[in-house]
*Asks:* 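Below you will find the structure I want to go over with you.
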Amino acid sequence: MAYSISTQNFVALSDLHPNLARPSIIGVVIGKTDVKGFPDRKNIGSERYTFSFTIRDSPAYFINVNSWGREEYVRSLSESFRVGDCVTIENPLVQTKELEKEEKFNPTTPSCYKLLLSETHSVVKICCHYEVDTKLLSLLHLPVKDPQDFYSLGDIVANGQSLDGRIINVLAAVKSVGEPKYFTTSDKRKGQRCEVKLYDETELSFAMICWDNESIQLAQSWMPRETVIFASELRINFDKFRNCMTATVISKTIFTTNPDTPEANILFNFIKESAATGALDDITEDQLKESINLQTIVDIYTVEQLKVKALQNEGKSEPVYGIIYAYISTLNIDTDTSKIIRNRCSGCHYVVNEMSNTCTFCNDNSSDAKSVFTSFDLLVDLTDHTGTLRSCNLSDVVAEETLSCTVHEFLTLTEEQKTALKWHLLLERSKIYFKLVLSPSLRTGLRVNLLSCKLADPVEASQNLSEKGRK
């Protein structure tokens, strides 16, 4: 649907007003919502459909556009363009917006108007990029908010639940983009979900959740550890399941991909330096502080069922959380302590360089030298009546709780005491909370992190195992 823009005069968004006759405008699409249906009050039993998008024609001006009508018309129009496209709009209705009502669910704009599209009177066309002024395309890399008005991920974590429900701006790099998950709600509505992990100089992993198709499609275009985003009007929530803060994309959110700002350039340099040194390559979720609320983990597995679950999740990046009643069948704590105790950075929990005893990640990206602390770093095998999970990670505080001693206390034990401790744990069935992630680089193909490992109540274990056997 190429459209020549050289033969037409366009009205600037800043010059729009309701009395204009048949205005034509041009702009780049910077935001877009999914199509939704609503009961038609005038025609009982039928539905009207709508979607909205936001276009921009200058650094200072952008405006929201709404389309209402038949399902076929609205869906066809929505599917004809995406965020990042340049479009022309002929003969929209210019309407004064009701500020409180309009900006509750739509992006906040500097215009006091909104545009309405009519199936019978309005026309939307896409422009080929080679026909568009580069100044117009450059607007795609300019945040709609003050480039300095944002929270770092570390600021969000530090503020904690005081930000719960707040709508803020965020500048961050993309660490990973999960596969979209599709589901059907109890009232038969179809839905989707995609989790994006963000990071910056202050926080190594922060979850952002997309619930609509438009933001999910946009996220799929982002390159992990290469893309920087400025997200305006993200909602921040406290996630009770993970016991941490997360971000949620809402209908007000506008993403600026790879923004051309000094603040973003600093983050770009951080990404490049991290990639060059490989500092982030070995920083995995188990080396970060696990903050999962164990009370929310209720799914119980046998070893065999867990391996089947892993096969079903092949190609997906989302972790599996659960409980397993098993014996620790391998626990090499009566070996060379250098193999089971490591020094970690107090800032990021990354294993520090043994020669320099400094964190290559934090010291490369901060002027403040971080202290180090000693931590268990064990690999254990878990066995039940269906099989064995090999090389599971038992580290840091969880390892201390399992062994019932701190690293410093462990170092004072004699070899006989270490061996006695080992066999005490090997002979007992444990209730183990775990997190499983597919990891093709590992020999087992799985990375299993123990979130809690305590001696199981015999009656509880017996009841759950018998129930699993009947399924």
Side-chain angles (χ1 to χ4, degrees), residues 150-158 168-181 193-211 215-231 234-237 239 241-242 244-249 253 255-259 263-292 313 315-321 345 347-351 359-362 364-366 393 435-442 447 449:
F150 66 88
Y151 278 75
S152 71
L153 302 179
D155 289 338
I156 297 173
V157 173
I168 65 174
N169 309 321
V170 173
L171 176 70
V174 176
K175 185 175 184 181
S176 65
V177 180
E179 288 291 323
K181 288 186 172 181
R193 181 185 186 277
C194 175
E195 181 167 321
V196 178
K197 290 291 180 64
L198 306 176
Y199 71 107
D200 63 10
E201 304 99 321
T202 64
E203 192 69 24
L204 298 180
S205 187
F206 188 91
M208 179 180 73
I209 314 300
C210 304
W211 292 99
S215 65
I216 289 174
Q217 286 185 9
L218 180 61
Q220 297 301 312
S221 70
W222 296 336
M223 296 296 293
R225 303 191 183 185
E226 292 183 20
T227 300
V228 169
I229 59 171
F230 187 103
L234 267 182
R235 190 174 69 217
I236 301 301
N237 294 108
D239 188 321
F241 173 73
R242 309 181 204 216
C244 66
M245 305 304 293
T246 61
T248 302
V249 179
T253 306
F255 289 107
T256 303
T257 303
N258 294 331
E263 295 77 16
N265 287 335
I266 293 173
L267 194 49
F268 276 122
N269 290 333
F270 166 73
I271 292 175
K272 292 176 183 177
E273 291 168 5
S274 300
T277 60
L280 284 177
D281 291 347
D282 295 325
I283 299 178
T284 53
E285 294 296 330
D286 59 296
Q287 292 171 326
L288 305 173
K289 287 183 178 178
E290 286 286 2
S291 54
I292 302 297
N313 276 30
K316 301 177 182 177
S317 60
E318 288 79 6
V320 175
Y321 294 93
C345 171
C348 66
H349 279 221
Y350 180 54
V351 176
C359 177
T360 55
F361 177 78
C362 285
D364 282 347
N365 298 288
S366 172
N393 296 87
K435 171 185 176 182
L436 178 147
V437 180
L438 296 182
S439 183
S441 62
L442 296 180
R447 180 183 295 277
N449 299 323

*Asks:* What distance separates Thr257 OG1 from Met223 CE, expressed to the nearest 0.5 Å?
*Replies:* 13.0 Å
*Asks:* About how many Å separate CD of Glu226 and NZ of Lys272, when rounded to the nearest 0.5 Å?
*Replies:* 10.5 Å
*Asks:* Just jot down the side-chain hydrogen bond (donor to acceptor under 3.5 Å, both in side chains) partners of Thr253, sequence neighbours excluded, or say none.
*Replies:* none
*Asks:* Under the rule for side-chain contact (heavy atoms from CB on, under 4.5 Å), what residues qualify as partners of Thr202, not counting sequence neighbours?
*Replies:* Ser152, Leu153, Asp200
*Asks:* The test is side-chain contact (heavy atoms from CB on, under 4.5 Å); show your working for Ile229 and Val196 and say whether it passes.
*Replies:* CA-CA 12 Å; Ile229 59 171; Val196 178; 5.9 Å; no
*Asks:* For Thr227, enumerate each residue passing the side-chain hydrogen bond (donor to acceptor under 3.5 Å, both in side chains) test, keeping only those at least two apart in sequence or located in another chain.
*Replies:* none
*Asks:* Distance check, rounded to the nearest 0.5 Å: Ser215 atom OG versus Met208 atom CE?
*Replies:* 7.5 Å
*Asks:* Taking only residues two or more places apart in sequence, or in another chain, which ones meet Glu263 in a side-chain contact (heavy atoms from CB on, under 4.5 Å)?
*Replies:* Pro147, Gln148, Phe150, Leu171, Thr261
*Asks:* Might you point out which heavy atoms bring Gln220 and Val177 nearest each other, and give the distance in Å?
*Replies:* NE2-CG1, 3.6 Å
*Asks:* Is Asp239 reaching over with its side chain to a backbone N or O of Met245, donor-acceptor style, under 3.5 angstrom?
*Replies:* no
*Asks:* Closest heavy-atom contact between Glu203 and Gly154?
*Replies:* CB-N, 4.0 Å
*Asks:* What distance separates Lys181 NZ from Cys194 SG, expressed to the nearest 0.5 Å?
*Replies:* 10.5 Å
*Asks:* Would Thr248 and Trp211 count as having a side-chain donor-acceptor pair, cut-off 3.5 Å?
*Replies:* no
*Asks:* Could you tell me which non-hydrogen atom of Tyr199 sits nearest to which non-hydrogen atom of Arg225, and how far apart they are?
*Replies:* OH-CA, 3.5 Å
*Asks:* Could you list the residues that satisfy side-chain contact (heavy atoms from CB on, under 4.5 Å) with Ala231, not counting sequence neighbours?
*Replies:* Leu234, Phe255
*Asks:* Quick one: NZ on Lys197 to OG1 on Thr246, what's the gap to the nearest 0.5 Å?
*Replies:* 11.0 Å
*Asks:* For Thr256, give me all partners under side-chain contact (heavy atoms from CB on, under 4.5 Å), at least two apart in sequence or on another chain.
*Replies:* Pro143, Phe230, Pro259
